Amino acid sequence: MVQEQESETNIVLTKPFSLGNGNESDSEVYSAPNILQRILSLLTNVRPGSDLTRFQLPPQFNFPKSQLQCYGESIYSSTSDLLSRCNTGQSPLERLIFVVAWSISTTRPAIFGVAPYNPTLGETHHVSKGNLNVLLEQASHHPPVSALHATDEKENIEIIWCQYPVPKFNGTSVEAQVHGKRQLKLINHGETYEMNSPHLLIKILPVPGIDWVGNVNIKCIETGLVAELCYTSQSFFGFGGSKRLIKGKIIDSSSLKILHEVNGHWDSTVTLKETRSGEIRVIYDAKEVISGLQAPTLKDAESVWLTESALIWSELSQAILSKDWEKAREAKKAVEERQRELLRERESKGETWVPKHFILSQSKEGIWDCSPIQNATSIQGL
C-alpha cells in the first residue's frame, strides 16, 4: 500500500502535477529535446479527426507516471482538505459551493509535450492518506476505462469515478475528451453530487500550449441545486482572452433562479458573487491547495501488488528520469509484450477478463459505468 510516510524502496514515485511544475522548463526534465519538432514529426501521417486512443507514444513523450496515478493524485494529493470541508456546510447551498471548490481542485496543470502512460488492463493504484483511502483499477483497455473508488470513513464521504478519455487529432491540436461520470456522496447529509470532467486541449500550432476546456456541470440529485462551469483557454493565436479561465453560475433548477456567479482562474483564485446582495468572496485558492505537492512514499514494498502502477512502470520511469532512451524503449516494449502475452493466454483458454475490484457495465447508449465490489478501506495488502 502506498502511504504518505517515509520509507526506502526501489519503486519510482514522482511528484504530482501541481502549481510550479506545469511549465515548459520542467517538461524538459522528463522529455527529449526539440519536443515540438518531434511532435510534428510524430503526427505527420495522422489525419485530422483521427481517434488517438490506440496511438502508441515513444517514451520520449511520456511523463514518468501512469494515468491511473494522475487520477488518484487529483483526489488524495492536496495541501488543504477541501473534501472534508464539503461536509461542514450548514445548508444544501453552502455544501454545493464547497463541492464546487473541491471539484475545481481536481483540475491540475499538465505539461506540454509529455503524457502519462496508458494503464495496462487490470493495473491498480491505491493510496491511503489519513482517513482517506483511494483505489483505482484499469477496468478496460479498449476503450481505456478507469474506475476509482475513494472513502473517508471519518467524514462518511464516498467518491466513485468511471471515466475514459477519447483523444482526437484536429490538425493543429489534440483534444482529449474525458467521458464518464463522477460521483461525490455526502452520506451524513443524504446527498449525491454528479459531475463531469473538463477536456484537455493540447495546442500544437501556431502557439504550443496545454489547457483544460469545456463545460462542467455539478448537480445535487436530492436538492436540485446545479453549478454550471465553463473552462476556457486563450485564442487560437495565443493572445486575446485569459488563460485558465473559469466562469459559471449556481442555479436552483426548480425555479431556474441564478443564486451565485462564479469567476476566476482555476490555477489562481476563484470567486463567488451572490446575485442578490452583490457580495463577493474567494471560494478557491490554488496556491493553498495544489502548490508544492510531494510524491507519496511507500510504507511496505513487500506488500505492493504486482498490478500496482508504480511497480509495473518502475523500470520505464527510472529510465525516463535518467534520460536513458534506449533503456526506456526496452522497458516500455517489455510492458507491452507482457500484456500481449496475457491476452494470448486468455484467448487460448477462452477466458474473458473481468475487473477484480469493480463491476463494469455499459448502457444501450454506450455509456460506461462502474461500481466498487467492496469498500476501499477493506482492501488490504496493496
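All of these numbers come straight from a predicted model, not from anything done at the bench. Basis for what follows: all heavy atoms, side chains included, without hydrogens, waters or symmetry-related copies.
- T307 contributes atom OG1, which lies 12.0 Å from atom CD of Q138 (distance to the nearest 0.5 angstrom).
- At a cut-off of 3.5 Å, with distance as the only test, no side-chain donor of Y76 or S128 sits close to an acceptor on the other residue.
- L19 and V270 fall within a single hydrophobic cluster, where Ile, Leu, Val, Met, Phe, Trp and Tyr are joined by side-chain heavy atoms under 4.5 Å apart, directly or via other members.
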(Q) Determine whether T124 and H357 satisfy the following criterion, side-chain contact (heavy atoms from CB on, under 4.5 Å), listing intermediate values before the conclusion. (A) CA-CA 9 Å; T124 58; H357 304 288; 4.0 Å; yes
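- One distance of note links CD1 of I290 with OG of S80; it measures 11.5 Å at 0.5 Å rounding.
- Both V335 and W325 belong to a common hydrophobic cluster when Ile, Leu, Val, Met, Phe, Trp and Tyr are linked at side-chain heavy-atom distances under 4.5 angstrom.
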Q) Can I210 and I111 be said to form a side-chain contact (heavy atoms from CB on, under 4.5 Å), step by step? A) CA-CA 7 Å; I210 187 168; I111 298 176; over 6 Å; no
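- Remark: the K332 side chain and the N62 side chain contain an N/O donor-acceptor pair separated by less than 3.5 Å.
- Here the closest non-hydrogen pair linking C86 and W102 is SG-CB, 4.0 Å.
- A distance-only check finds no donor-acceptor pair linking the side chain of N170 to the backbone of T172 [under 3.5 Å].
- Judged purely by atom type and a 3.5 angstrom limit, K65 uses its side chain to pair as donor or acceptor with the backbone of K15.
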Q. Hey, mind stepping through S103 and Y193 against side-chain hydrogen bond (donor to acceptor under 3.5 Å, both in side chains) and telling me if it holds?
A. CA-CA 10 Å; S103 176; Y193 297 83; over 6 Å; no
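- Listed by chain and number, the residues in a ring pair (Phe, Tyr, Trp, His ring centres under 6.0 Å) with H141 amount to none (sequence neighbours excluded).
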Q: Determine, step by step, whether L82 and I104 satisfy the side-chain contact (heavy atoms from CB on, under 4.5 Å) criterion, reporting the C-alpha distance in whole Å, the side-chain angles of both residues, the deciding distance to 0.1 Å, and the verdict.
A: CA-CA 10 Å; L82 294 183; I104 295 171; over 6 Å; no
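- Summarising the geometry, atom NE2 belonging to H142 is positioned 8.5 Å from atom CG belonging to N118; distances are rounded to the nearest 0.5 Å.
- In this structure, the side chains of E330 and K333 stay at 4.5 Å or more apart for every pair of heavy atoms.
- The shortest distance between side-chain heavy atoms of R182 and S197 falls below 4.5 Å.
- Taken together through direct or relayed side-chain contacts under 4.5 Å among Ile, Leu, Val, Met, Phe, Trp and Tyr, V145 and M195 form parts of separate hydrophobic clusters.
- Looking only at side-chain heavy atoms (C-beta outward), I157 and L83 come within less than 4.5 Å of each other.
- The backbone N or O of D324 sits nowhere less than 3.5 Å from a side-chain atom of E326 that would complete a donor-acceptor pair.
- Annotation for P165 and Y71: closest pair CD-OH, 3.7 Å, computed over non-hydrogen atoms.
- Using a 4.5 Å heavy-atom threshold, the side chains of Q339 and L121 count as touching.
- Separating the CD atom in Q294 from the OG1 atom in T14 is a distance of 11.5 Å, to the nearest 0.5 Å.
- Pairs passing the side-chain hydrogen bond (donor to acceptor under 3.5 Å, both in side chains) check and including a residue from residues 269-282, sequence neighbours excluded, read E94-R281, E274-R276, E274-S277.
- Screening N217, N215, I258 for a side chain to side chain contact (heavy atoms under 4.5 Å, CB included) with E228, the sole residue that qualifies is N217.
- The heavy-atom pair separating W161 from S74 by the smallest distance is CH2-OG, 3.5 Å.
- Looking at S140, its side chain never comes within 3.5 Å of a backbone N or O of P144 through a donor-acceptor pair.
- Note that CG of L132 and OG of S78 are 9.0 Å apart. Values are rounded to the nearest 0.5 Å.
- Nearest approach of N188 to E155, heavy atoms of both residues: ND2-O, 3.4 Å.
- Contact between H125 and Q69 at its shortest, heavy atoms only, is CD2-CA, 3.6 Å.
- Note: the hydrophobic cluster containing V226 does not contain L229 (ILVMFWY, side chain heavy atoms under 4.5 Å, direct or indirect links).
- Side chain of K219 to main chain of T192: no donor-acceptor pair is present (N/O by atom type, distance under 3.5 Å, no hydrogens or angles).
- The backbone N or O of R244 sits less than 3.5 Å from a side-chain atom of D211, completing a donor-acceptor pair.
- Using a 30° and 60° split on the angle between ring planes, W266 and Y231 fall in the tilted class, from 30° to 60°.
- With hydrogens and angles disregarded, no donor-acceptor distance shorter than 3.5 Å links the side chain of E153 to the backbone of T151.
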**Q.** side-chain contact (heavy atoms from CB on, under 4.5 Å) assessment of F358 paired with S371
**A.** CA-CA 5 Å; F358 294 85; S371 57; over 6 Å; no
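- Under the 3.5 Å distance criterion, with hydrogens and angles disregarded, no donor-acceptor pair is assigned to the side chains of S146 and Q163.
- Side-chain atoms of T88 come within 3.5 Å of backbone N or O of R85 as a donor-acceptor pair.
- For the atom pair I204 CD1 and S173 OG, the distance stands at 7.0 Å (nearest 0.5 Å).
- Contacts of E137 classified as salt bridge (Lys or Arg N to Asp or Glu O under 4.0 Å), with partners at least two apart in sequence or in another chain: none.
- In this structure, D369 pairs ionically with K181, as a charged nitrogen and a carboxylate oxygen lie closer than 4.0 Å.
- With respect to E341 and R338, a salt bridge is recorded, a charged nitrogen being found less than 4.0 Å from a carboxylate O.
- Salt bridge annotation for D252-K257: absent, with no cationic side-chain nitrogen under 4.0 angstrom from a carboxylate oxygen.
- No side-chain heavy atom of L245 sits under 4.5 Å from any side-chain heavy atom of K243.
- In this structure, H149 contributes its side chain and P372 its backbone to no donor-acceptor pair below 3.5 Å.
- With sequence neighbours excluded, the residues satisfying salt bridge (Lys or Arg N to Asp or Glu O under 4.0 Å) with R95 are E191.
- Contacts classified as salt bridge (charged side-chain N to carboxylate O under 4.0 Å, His left out) and involving residues 345-354 (residues at least two apart or in different chains) are not found.
- Nearest heavy atom pair, residue L293 against residue V289, reads CD2-O, 3.9 Å.
- Residue L148 is tested with I160, L68, I159 for a side chain to side chain contact (heavy atoms under 4.5 Å, CB included); the sole match is I159.
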Would you tabulate the side-chain donor-acceptor contacts of residues 310-320 under 3.5 Å, counting partners in other chains and residues two or more places apart, or write 'none'?
| from | atom 1 | to | atom 2 | distance (Å) |
| --- | --- | --- | --- | --- |
| W313 | NE1 | E123 | OE1 | 3.0 |
| W313 | NE1 | E123 | OE2 | 3.4 |
| S314 | OG | L311 | O | 3.1 |
| S317 | OG | Y117 | OH | 2.8 |
| S317 | OG | W313 | O | 3.1 |
| Q318 | NE2 | S322 | OG | 3.3 |

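- Follow the hydrophobic side-chain contacts under 4.5 Å out from V166 and you never reach F169; the two are in separate clusters.
- In this structure a side-chain-to-backbone donor-acceptor pair under 3.5 Å is present from W212 to R108.
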Q. So E222 and H189, side-chain hydrogen bond (donor to acceptor under 3.5 Å, both in side chains) or not? Walk me through it.
A. CA-CA 10 Å; E222 291 76 16; H189 300 284; over 6 Å; no
